[in-house]
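Worksheet: one structure, shown below.
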Amino acid sequence: MSTKIGGFFAGGVAACGAVTVTHPFETVKTRLQLQGELAAKSETKRLYTGVFQGVRVIVANEGLRGLFAGLGAAYCYQTLLNGCRLGFYEPIRVLISNTTHGNSTVQHPLINLASGASSGILGAAIGSPFFLVKTRLQSYSPFLPVGTQHKYKNAIHGFRSIWGQEGLKGLYRGVGAAMVRTGFGSSVQLPTYYFAKRRLEKHIGMDPNSPTTHLASSAISGFVVCCVMHPPDTVMSRMYNQTGNLYSGIWDCLSKTIRTEGLLAVYKGYFAHLARILPHTILTLTFAEQTNKIARRIEQRLFLD
């Protein structure tokens with residue numbers, strides 16, 4: 001097993017552990033983003049008013065099954081996305097550093113941004129069909145529907161339905177928005193995490209290998225990620241959930257949303273996203289520190305024993 005493959009699997013396992021905890025907030029966030037789609041505020045009936053109200057309403061009407069809708073597809077997506085993002089970030093950074101500076105240890109902000117964005121975009125493109133099916137499963141509700149409703153029995157049924165009706169093009173609907181969203185988030189997630197980690201170590205004297213340092217660095221990174229990626233995340237959710245050609249592309253979706261619902265519409269579900277992204281980032285990066293150690297130990301045993 002190579003270091004890149006070990007990092008890929010370590011990142012995927014870490015992300016799946018995190019998404020198990022944070023998936024309910026992702027369901028609420030998705031429904032808040034789709035609520036009142038292309039309708040004026042005066043015409044919108046607010047079925048979901050906030051993070052915890054959304055959780056309570058979904059559990060009351062649909063049970064835990066409704067709250068965890070699309071979890072299987074989320075596991076697949078997170079494995080591909082974060083496997084690429086966490087597994088290929090460092091190899092890409094080393095490659096760029098060696099190419100531009102002749103030194104793999106160089107830590108330049110632009111190199112870190114490019115490495116984060118590249119690894120994230122790669123993962124988003126590969127995993128996009130899983131996120132599409134996950135979004136449609138999460139948005140469906142027989143009791144409090146918002147946005148276009150897709151009645152899939154499960155993820156496999158969703159894939160079959162989309163493939164049968166729209167083919168490969170349908171499975172990759174909205175992939176451009178997904179790549180922009182993830183590029184934004186990935187370009188700041190790991191660079192911000194490592195920047196915060198170095199500053200905490202240098203200015204506060206925190207142990208770089210301490211779980212407390214990992215938690216603090218992850219919290220800072222998660223907040224920055226949410227602020228940067230939420231508008232393209234809203235666009236992506238709407239493009240994934242549409243039927244037909246309601247939106248012709250990213251800019252069409254963005255302009256229609258702002259024109260009919262106002263500028264702040266792109267931040268619908270922000271607090272639900274923050275409630276998801278903070279623990280998700282903390283758990284993913286904290287788990288990643290541990291799973292990478294385990295992966296390295298396994299590799300050493302395989303190659304050295």
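Positions are given from 1, in the same order as the sequence printed here.
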Donor-acceptor list for residues 122-129 side chains, cut-off 3.5 Å, not counting sequence neighbours:
unit_1 : atom_1 : unit_2 : atom_2 : d
S128   : OG     : Y240   : OH     : 2.7

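Residues V28 and Y48 have side chains not in contact (no heavy-atom distance under 4.5 Å, counting atoms from C-beta outward). By the 4.5 Å heavy-atom criterion applied to side chains, Y140 and P145 are not counted as neighbours. Within the 4.5 Å cutoff, side-chain heavy atoms of V55 are placed close to those of L67. At a threshold of 4.5 Å between non-hydrogen side-chain atoms, the residues T257 and V235 do not count as touching. In this structure the side chain of I111 reaches within 4.5 angstrom of the side chain of R93, judged on heavy atoms.
Side-chain atoms of N98 come within 3.5 Å of backbone N or O of V94 as a donor-acceptor pair. The closest donor-acceptor contact from the side chain of T20 to the backbone of C16 lies under 3.5 Å. In this structure, N154 contributes its side chain and H157 its backbone to a donor-acceptor pair below 3.5 Å. Judged purely by atom type and a 3.5 angstrom limit, Q78 has no side-chain atom pairing as donor or acceptor with the backbone of A74. Judged purely by atom type and a 3.5 angstrom limit, R56 has no side-chain atom pairing as donor or acceptor with the backbone of V51. In this structure, the side chain of T22 does not engage the main chain of P279 through any donor-acceptor pair within 3.5 Å. Side-chain atoms of K197 never come within 3.5 Å of backbone atoms of A216 as a donor-acceptor pair (strictly under, hydrogens ignored). Between the side chain of T234 and the main chain of V266, a donor-acceptor pair closer than 3.5 Å is present. Checked by atom type and distance alone, the side chain of R136 pairs as donor or acceptor with a backbone atom of Q242 at under 3.5 Å.
Interatomic distance, C76 SG to K134 NZ, rounded to the nearest 0.5 Å: 12.5 Å. Atom CG of residue L81 and atom OG1 of residue T182 lie 5.5 Å apart, to the nearest 0.5 angstrom. Here the straight-line distance linking atom CG of N103 with atom NE2 of H108 works out to 13.0 Å at 0.5 Å rounding. Annotation: the span from F25 atom CZ to T30 atom OG1 amounts to 13.5 Å, rounded to 0.5 Å. Rounded to the nearest 0.5 angstrom, S115 OG and Y89 OH are separated by 5.5 Å. Interatomic distance, OG1 of T44 versus NZ of K41, reported as 9.5 Å (0.5 Å rounding).
In summary, of the residues considered (H23, K29, R31), a side chain to side chain donor-acceptor pair (under 3.5 Å) with Q138 occurs for H23 alone.
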Verdict with supporting geometry, S141 and E62, side-chain hydrogen bond (donor to acceptor under 3.5 Å, both in side chains): CA-CA 8 Å; S141 173; E62 303 167 48; 2.7 Å; yes
Audit row: Y152, F159, ring pair (Phe, Tyr, Trp, His ring centres under 6.0 Å) steps and yes/no: CA-CA 9 Å; Y152 302 144; F159 276 111; 9.2 Å; no
Steps toward side chain to side chain contact (heavy atoms under 4.5 Å, CB included) verdict (V225, T192): CA-CA 9 Å; V225 166; T192 304; over 6 Å; no
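Across every non-hydrogen atom of S139 and L34, the tightest pair is CB-CD1, 3.5 Å. Scanning both residues, L64 and V59, for their nearest heavy atoms gives CD2-CG2, 4.4 Å. Scanning both residues, T213 and S217, for their nearest heavy atoms gives O-OG, 2.8 Å. Residue L38 comes nearest to R238 through the heavy atom pair N-NH1, 3.9 Å, listed as atom of the first residue, atom of the second, then distance. Of all the heavy atoms in I92 and S118, the pair that sits closest is CD1-CB, 4.1 Å. Heavy atoms only, all atoms of each residue included: K256 and T260 are closest at O-OG1, 2.7 Å.
In this structure, W251 is a member of the same hydrophobic cluster as M239, with clusters built from ILVMFWY side-chain heavy atoms closer than 4.5 Å. Following chains of ILVMFWY side-chain contacts shorter than 4.5 Å, one can reach V180 starting from L254, so the two form part of one hydrophobic cluster. W163 and L132 fall within the same hydrophobic cluster, where Ile, Leu, Val, Met, Phe, Trp and Tyr residues are linked whenever their side-chain heavy atoms come under 4.5 Å apart, directly or through other members. Hydrophobic cluster membership is shared by L32 and L278, with clusters built from Ile, Leu, Val, Met, Phe, Trp and Tyr side chains linked at under 4.5 angstrom. Residues L47 and F52 share a hydrophobic cluster, clusters being chains of Ile/Leu/Val/Met/Phe/Trp/Tyr side chains in contact below 4.5 Å.
In this structure, R199 places its CZ atom where more than 12 heavy-atom neighbours from other residues, nucleotides or ligands lie under 6.0 Å away. Taking a 6.0 Å sphere around CD1 of I156, one finds it holds 12 or fewer heavy atoms contributed by other residues, nucleotides or ligands. For F195, the CZ atom counts as loosely surrounded, since its 6.0 Å shell holds 12 or fewer non-hydrogen atoms of other residues, nucleotides or ligands. Summarising the local packing, OH of Y172 is surrounded by more than 12 heavy atoms from other residues, nucleotides or ligands at distances under 6.0 Å.
T99 meets the side-chain hydrogen bond (donor to acceptor under 3.5 Å, both in side chains) test with no other residue; sequence neighbours excluded. A search for side-chain hydrogen bond (donor to acceptor under 3.5 Å, both in side chains) contacts involving Y247 returns E37, not counting sequence neighbours. In terms of the ring-ring contact (aromatic ring centres under 6.0 Å, His included) criterion, residue partners of H230 (sequence neighbours excluded) are, by chain and number, Y267, Y270, H273.
Taking Ile, Leu, Val, Met, Phe, Trp and Tyr as hydrophobic and joining them when side-chain heavy atoms fall under 4.5 Å apart, one finds M206 in a cluster with L200, I204.
No side-chain N or O of T135 forms a donor-acceptor pair with one of N241 less than 3.5 Å apart.
Between E261 and K268, at least one side-chain nitrogen of the basic residue sits less than 4.0 Å from a carboxylate oxygen of the acidic one, meeting the salt-bridge criterion. A salt bridge is absent between R198 and E201: the closest approach of a Lys/Arg side-chain nitrogen to an acidic carboxylate oxygen does not fall below 4.0 angstrom.
Sorted by first and then second residue, the ring pair (Phe, Tyr, Trp, His ring centres under 6.0 Å) pairs involving residues 63-86 (not counting sequence neighbours) are Y77-F131.
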